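Notes to accompany the following structure.
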Amino acid sequence: MTLTIIGAGPGGYETAVAAAAKGIEVYIVSSGPVGGTCLNEGCIPTKALCRNAEVLEDLRNAGKFGVETGDFKFDIGGAMARKDEVVSQLRGGIEFLLKNKLIHLVYGKASFKDNHTVAVQAEDGSTSEISSDYIIIATGSQSAMLPIPGTDLEGVITSREILNIDHVPQRLCVIGAGVIGLEFASVFSSFGSEVTVLEYCKDVLPRFDTDMAKRLKQALGKRGINIETAAQVQAIEKTEEGLQVTFLKKDKECKVLADNVLMAVGRRPAVDTLNLADAGIEFTPKGIVTDANMRTSVPHIFAVGDVRGGMMLAHVASAEGERALNTMMAEASGIVPECPLKDGIDLDIIPSAVFTTPEVATVGMTEDTCKETGIKVKCLKSMYRANGKALAMDAPEGYCKIIAADEGSDFIPGQILGCHIMGAHASDIIQEITVLMNKKGTVDDIRKIVHPHPTLSEVILNAARQGL
Ligand code: FAD
Ligand code: NAD
């Protein structure tokens, strides 16, 4: 069996390695460096900068711990150099993984010649063609821009440019209080920028638990980040005082001045040059249409990751790649795969985190979705300020909310349906809940599991105990 994968981000390269391990000959085509958005201009570089922000905040608070730091200076060049080193080390690791006799890595831009043949144009202009039994499209996504005047002005940037910026903007205006907007707002506030965030919806992180979104807005506000919600951005103009962003709030025209404007209003699937229509692959402006096994409208072509326009997360892209591969393997062994395939991967239980200070993490249903869908639930809460480790760390800000099925719902009473945490290391401790949700665990299971003391994981235990 032969497989062509277009794109070498987490959806592409992880699937290539897994396919080769199963004895499949793989061609993987990449127009950019291996690792894709996640490694080169997404998850990893942002988290490296988040760590810089954390170090700066620790230095500012060092006095509380009896540590005299004296004056200290922040050099963004040094932060960027460390970030580049981390990225380059990890990229080397992926290049090593792809050095496998069954994997052929081809650099160039791929497009469909027909539905079995992919044409590749290399940077030097040379072209080649690859034909294979199966094809996976994993081309990811690109920053979306608002259709307003001024987005092409110098100083208006996206996540790609801000990750390589050579200065700390004195005034940074972020358009969009989604995941990207808030992570950069948090980091650049720690770096010393005066940050204003403009969000169209009435809350930040519109798809997250409302309660948590409100608390996060408050926490970021306390750090000096100015967040304007229900703000309709109209235009960006160049003025003598800097870039002027005009927005409407409650029908009133308001203005913000900034040195840089970060556009963080979502991402759109990278399909423009693929020639999908000629290959008969169905797609919408949201992304490539697939079934639950990631199969497109052309049976031997699959699409995984951001290009599908679902949850744009690195771990989703790799899990979807695994599902596509499992489906092909089942088919190759003569089985007609059921949809969704029963391969043990539950793509409905996806944890995610936002690496602001404080962090937030979430998995499963929100209280609002349960209300909207008429599921009777109990919400069990605990506070970081009652947790010994959090106080010892000087991280008292935060809370945990577990959403559990109540008597009279279609679920097991007490079954965990979701969890939302704001606070230090929320991204790490959420995984306990993800594991339990995969096993249809209940809050009673959490109470019976011994948790080490003193740890932040006891925030979850304490929330579960509220239901006693
Ligand atoms: P990508 O990683 O985008 O890879 C697609 C690859 O395909 C690219 O290498 C591209 O060069 C290549 N390609 C595109 N078109 C073609 C073509 N025609 N021919 C050949 N190759 C092509 N997710 C998280 O889970 N956690 C995070 O903390 C996180 N942080 C993020 C921070 C930022 C600033 C951004 C922008 C994203 C972040 N994400 C995060 C999202 C994550 O990066 C994506 O969900 C993930 O990279 C998607 O993987 P993918 O394989 O679908 O596509
Ligand atoms: P997003 O969809 O999370 O947020 C975009 C925000 O912009 C929304 O809050 C939206 O209401 C707002 N918006 C849209 N139009 C607007 C307008 N005209 N004016 C003001 N606000 C407007 O998208 P994103 O933050 O660009 O991130 C893209 C994807 O990347 C996300 O799906 C996310 O999952 C992924 N990502 C994940 C992580 C992580 O896991 N930590 C980090 C960064 C990015």
Side-chain angles (χ1 to χ4, degrees), residues 5-15 28-47 49-50 106-112 118-121 136-144 146-148 158-160 162-163 174-184 197-208 213 228-234 245 247-248 262-275 287 303-318 320-321 350-356 359-362 427:
I5 300 177
I6 311 175
Y13 88 79
E14 291 201 21
T15 311
I28 178 162
V29 189
S30 184
S31 58
V34 296
T37 305
C38 174
L39 173 60
N40 299 290
E41 48 192 61
C43 326
I44 302 300
T46 44
K47 269 79 254 180
L49 296 185
C50 285
V106 184
Y107 283 105
K109 210 163 194 65
S111 61
F112 283 93
V118 167
V120 184
Q121 177 153 38
I136 296 180
I137 306 167
T139 49
S141 62
Q142 294 154 346
S143 296
L146 281 186
I148 54 162
T158 69
S159 56
R160 173 181 280 178
I162 203 167
L163 280 169
V174 178
I175 306 183
V179 191
I180 293 184
L182 290 189
E183 284 186 359
F184 283 113
V197 184
L198 305 177
E199 166 58 45
Y200 182 78
C201 293
K202 68 177 177 30
D203 283 311
V204 302
L205 297 177
R207 276 168 286 182
F208 285 62
E228 300 284 352
T229 48
Q232 224 177 318
V233 179
Q234 304 288 299
V245 185
F247 63 98
L248 284 181
L262 174 70
M263 196 57 75
V265 293
R267 291 179 62 85
R268 57 179 191 84
V271 292
D272 295 350
T273 56
L274 283 173
N275 213 12
V304 306
D306 283 14
V307 78
R308 292 180 61 242
M311 286 182 95
M312 292 189 176
L313 296 168
H315 42 288
V316 170
S318 19
E320 289 178 352
I350 303 290
S352 77
V354 188
F355 297 83
T356 39
E359 282 185 1
V360 299
T362 177
S427 58

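Scope of the values below: all heavy atoms of this structure, side chains included, with no hydrogens, waters or symmetry mates. Only a predicted model underlies this, so the values are computations on that prediction, with no experimental measurement involved. Ligands are counted one by one from 1 in listed order, and the atoms in each one are counted from 1 as well.
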(request) Write down the atom of L313, the atom of P351, and the distance for their closest heavy-atom approach. (result) CD1-O, 4.2 Å
(request) Report yes if A317 has an N/O atom closer than 3.5 Å to an N/O atom of ligand 1; otherwise report no. (result) no
(message) Show me which atoms of ligand 2 lie under 4.0 Å from any heavy atom of P206.
(response) 9 (O), 11 (O)
(request) Would you mind reporting whether I148 and F247 have side-chain heavy atoms less than 4.5 Å apart? (result) no
(message) Which option wins on minimum heavy-atom distance to atom 34 (C) of ligand 1: S159, S318, P10?
(response) S159
(message) On a heavy-atom basis, I'd like to know which of G9, G42, A353 is closest to atom 4 (O) of ligand 1.
(response) G9
(request) Please confirm whether I175 comes within less than 3.5 Å of ligand 2 when only nitrogen or oxygen atoms on both sides are compared. (result) no
(message) Closer than 4.0 Å to some heavy atom of F355 - which atoms of ligand 2 meet that?
(response) 41 (N)
(request) State the atoms of ligand 1, each with its element, that fall below the 4.0 Å cut-off from a heavy-atom position in G305. (result) 52 (O)
(request) Starting from atom 18 (N) of ligand 2, locate the nearest protein heavy atom and write down its residue, its atom name and how far away it is, to 0.1 Å. (result) L146 CD2, 3.2 Å
(request) Taking the side chain as every heavy atom from C-beta outward, state whether I5 and Y13 have any atom pair closer than 4.5 Å. (result) no
(message) Considering non-hydrogen atoms of the protein only, which is the closest contact for atom 3 (O) of ligand 2, and what is the distance?
(response) V179 N, 3.4 Å
(request) Mark up the atoms of ligand 1 that fall under 4.0 Å of a heavy atom belonging to F355, in ascending order. (result) 28 (O)
(request) Would you mind listing which atoms of ligand 1 come within a distance below 4.0 Å of any non-hydrogen atom of V29? (result) 20 (C), 21 (N)
(message) Please list the nearest protein heavy atom to atom 20 (C) of ligand 2 with its residue and the distance rounded to 0.1 Å.
(response) Y200 N, 3.2 Å
(request) Starting from atom 45 (O) of ligand 1, locate the nearest protein heavy atom and write down its residue, its atom name and how far away it is, to 0.1 Å. (result) D306 OD1, 2.8 Å
(message) Please list, in number order, the atoms of ligand 2 under 4.0 Å from a heavy atom of G266.
(response) 5 (C), 23 (O), 24 (P), 26 (O)
(message) Can you name the atoms of ligand 2, numbered from 1 with element, that are less than 4.0 Å from a heavy atom of L198?
(response) 20 (C), 21 (N)
(request) Mark up the atoms of ligand 2 that fall under 4.0 Å of a heavy atom belonging to A264, in ascending order. (result) 5 (C), 6 (C), 7 (O), 26 (O)
(message) A side-chain contact here means heavy atoms from C-beta on lying under 4.5 Å apart; do T37 and R267 qualify?
(response) yes
(request) Taking only heavy atoms of E183 into account, list the atoms of ligand 2 that are under 4.0 Å away from them. (result) 39 (C), 41 (N), 42 (C)
(message) Measuring from atom 41 (C) of ligand 1, which candidate in M312, K47, R160 has the nearest non-hydrogen atom?
(response) M312
(request) Within a distance under 4.0 Å of any heavy atom of G32, pick out the atoms of ligand 1 and give their elements. (result) 11 (O)
(request) List the closest protein heavy-atom neighbour of atom 9 (O) of ligand 2: residue, atom name, distance to the nearest 0.1 Å. (result) E199 OE1, 2.7 Å
(message) To check your reading of the model: name the closest protein heavy atom to atom 38 (C) of ligand 1, its residue, and the distance in Å.
(response) C43 N, 3.9 Å
(message) Between E199 and P206, is there a side-chain heavy-atom distance shorter than 4.5 Å?
(response) yes
(message) Show me which atoms of ligand 1 lie under 4.0 Å from any heavy atom of L274.
(response) 18 (N)
(message) Give me the atom names and distance for the closest heavy-atom approach of G176 to V197.
(response) O-CG1, 3.9 Å
(request) Look at atom 5 (C) of ligand 1 and find which of A138, A303, G11 reaches it with the closest heavy atom. (result) A138
(message) In this structure, does ligand 1 have an atom that sits under 4.0 Å from one of the heavy atoms of G108?
(response) yes
(message) Under 4.0 Å from a heavy atom of C201: which atoms of ligand 2 are those, numbered in the order shown and with their elements?
(response) 11 (O)
(message) To check you understand the geometry: which heavy-atom pair defines the closest contact between C43 and A314, and what is its length?
(response) SG-CB, 3.9 Å
(message) Show the atoms of ligand 1 that are less than 4.0 angstrom away from any heavy atom in E41.
(response) 34 (C), 36 (C)
(request) May I ask whether S352 places a heavy atom under 4.0 Å from ligand 2? (result) no
(request) May I ask which of G321, P33, A314 has a heavy atom nearer to atom 23 (N) of ligand 1 than the others do? (result) A314
(message) I need the nearest protein heavy-atom contact for atom 17 (C) of ligand 1: residue, atom name and distance, please.
(response) A110 N, 3.7 Å
(message) Check contact between T46 and ligand 1, using heavy atoms of the residue and a distance below 4.0 angstrom.
(response) yes
(message) Give me the nearest non-hydrogen protein atom to atom 3 (O) of ligand 1 as residue plus atom name, then the distance to 0.1 Å.
(response) T37 OG1, 2.5 Å
(message) If the contact criterion is a heavy-atom separation under 4.0 Å, does R207 count as touching ligand 2?
(response) yes
(request) Report yes if some N/O of L163 lies less than 3.5 Å from some N/O of ligand 1; otherwise report no. (result) no
(request) Give the atoms of ligand 1, by number and element, whose distance to some non-hydrogen atom of H315 is under 4.0 Å. (result) 25 (O)
(request) Run through L49, T158, N40 and flag the one making a side-chain contact (heavy atoms from CB on, under 4.5 Å) with L163. (result) L49
(message) If you measure every N or O of R267 against every N or O of ligand 1, does any of those distances drop under 3.5 Å?
(response) no
(message) Counting non-hydrogen protein atoms only, what is the nearest one to atom 43 (C) of ligand 2? Give residue, atom name and distance.
(response) I180 CG1, 3.4 Å
(message) Minimum heavy-atom separation for V179 and L205, please, with both atom names.
(response) N-CD2, 3.9 Å
(request) Select one of side chain, backbone, both or neither to describe which atoms of I6 lie under 4.0 Å from any atom of ligand 1, heavy atoms only. (result) side chain
(request) Measure the distances from the heavy atoms of A270 to every atom of ligand 1 and state whether one is below 4.0 angstrom. (result) no
(request) Output the list of atoms in ligand 2 that are nearer than 4.0 Å to some heavy atom of L313, sorted by atom number. (result) 34 (O), 37 (C), 40 (O)
(message) Checking contacts here: is it the side chain or the backbone of M311 that comes within 4.0 Å of ligand 2, counting heavy atoms only? Could be both or neither.
(response) neither
(message) Regarding ligand 1, does L313 bring an N or O atom to under 3.5 Å of one of the ligand's N or O atoms?
(response) yes
(message) Looking only at protein heavy atoms, which one is nearest to atom 13 (N) of ligand 2, and what is the separation?
(response) V265 CG1, 3.9 Å
(message) With heavy-atom distances below 4.0 Å as the criterion, list the atoms of ligand 1 near C38.
(response) 2 (O), 43 (O), 47 (O)
(message) Using a 3.5 Å cut-off on N or O atoms only, is V233 in polar contact with ligand 2?
(response) no
(request) May I ask you to identify the nearest protein heavy atom to atom 39 (C) of ligand 2, giving residue, atom name and distance to one decimal place in Å? (result) A353 O, 3.3 Å
(request) Write out the residue and atom name of the closest protein heavy atom to atom 8 (C) of ligand 1, then the distance separating them to 0.1 Å. (result) G36 CA, 3.9 Å
(message) What protein heavy atom lies closest to atom 13 (N) of ligand 1? Include the residue and the distance to one decimal.
(response) S31 OG, 3.3 Å
(request) Would you mind checking which non-hydrogen protein atom is closest to atom 34 (O) of ligand 2, with the distance to 0.1 Å? (result) M312 O, 3.0 Å
(message) Taking side-chain contact (heavy atoms from CB on, under 4.5 Å) as the criterion, tell me which of I180, L198, I162, L262 meets it with V174.
(response) L262
